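Counting convention: from 1, in listed order, for ligands and their atoms alike. The structure displayed is predicted, hence computed values, not measured ones.
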Amino acid sequence: MISCYNLKTGSVTMWKIGNVAIKNKVVLAPMAGISNSAYRRIVKEMGCGLVFAEMVSDKAIYFKNHKTLDMLQMNEEERPIAQQIFGSDKDSFIEAAKFIYENMHPDIIDINMGCPVPKVSIRAQAGSALLKNPEKIKEIVSAVVNAVPIPVTVKIRSGWDQNSINAVEVAKVIESAGASAITIHGRTRSQGYSGKADLDIIKKVKEAVNIPVIGNGDIVDPISAKKMLDYTGVDAVMIGRAALGNPWIFKEINEYLETGTLIDKPSFNEKIDMIFKHISYLKEIKPEKLVCLEMRNHIGWYIKGLKNSTEIKNKIYQTTSINDIISILDDYKKELGE
Ligand SMILES: Cc1cc2nc3c(=O)[nH]c(=O)nc-3n(C[C@H](O)[C@H](O)[C@H](O)COP(=O)(O)O)c2cc1C
């Protein structure tokens, strides 16, 4: 592992997954329907060290499903980037990993062993269902490691349920199968998103393996990011929900880790301008109808808590054109802008 010394604080910030250098300790979580190329470009500009692309199905890649192939779009400026795959069958994992490596050239392939949604974990026996079967984990991870010449990582939860917390055992299996890093979300599959992420299990996983570990769950600000890093000793932290409508969180955490300073929150104008940028990046990869649909949620997140936000959200929900969205936001800016 290489490292680079921060002169201001003496802290080590750069780290590596396999041969992939990562400039800081803050990474974007894979989030289905969110972590596409447009969103990843935005968080990258805000200082995110590594982005995980939303999960794609191994079978959908295998059968060259067009919608899924579209989801694989990535941009040079997003590097380093990890593309996540979910599935349950070794052979289609191999095919999907090879296809993605050969056609999209991500820096890392990530395997999903954490998804709790029934469609994935029960119907497809994929995602977190794999946690119940360490033998299968070994088989899949070694197969993917042998199939592509780039680092392979795995994202897990603490276990299937409270009675089967096996993240330490699973992490050792993953390491012995040749993976280059592990992300652990400190919740069981049956917890979904309820309760609190368990920092102790994250710490145990970090202590049990020699490959880098990324800690995940409930990081909402610089303080909670530092707490996870200090308490568990993980190499980096992964941010999911707290980055929705708040890509500035990456800058805030980096600044805090490097200098101990809490920087100012983005202004009203900065938020609206970020929405405009988000729309323009999305326009490059999706048709207008999808841009409008996708931006509905994002705009809600960006303007949450601002004056008249509910009224603006309702207006945005009724529009189906980008020009209308922009004109609603322009008026909002005239009304409240600084
Ligand atoms: C909308 C949404 C979509 C998600 N999609 C994925 C996914 O595709 N792959 C995955 O491994 N985890 C997925 N997750 C889980 C996150 O990566 C992360 O583990 C979880 O949100 C906990 O982190 P947080 O507390 O920072 O949000 C998703 C979470 C959310 C909220």
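Surrounding NZ of Lys283 are at most 12 heavy atoms belonging to other residues, nucleotides or ligands under 6.0 Å away.
Legend: residues meeting side chain to side chain donor-acceptor pair (under 3.5 Å) with His298, ordered by chain and number and at least two apart, are absent. Residues passing the ring-ring contact (aromatic ring centres under 6.0 Å, His included) test with Tyr281, sequence neighbours excluded: none.
Within 4.0 Å of ligand 1, protein heavy atoms come from Ala29, Pro30, Met31, Ala32, Met55, Gln84, Asn112, Lys155, His185, Tyr193, Asn216, Gly217, Asp218, Ile239, Gly240, Arg241.
Screening residues 130-151 for side-chain hydrogen bond (donor to acceptor under 3.5 Å, both in side chains), with sequence neighbours left out, gives Lys138-Ser176.
Taking the ring axis of Phe250 as reference, the NZ or CZ atom of Arg40 does not stay both within 45° of it and closer than 6.0 Å to the ring centre. Relative to the six-membered ring of Phe99, Lys64 meets both conditions, a distance below 6.0 Å and an angle of at most 45° to the axis.
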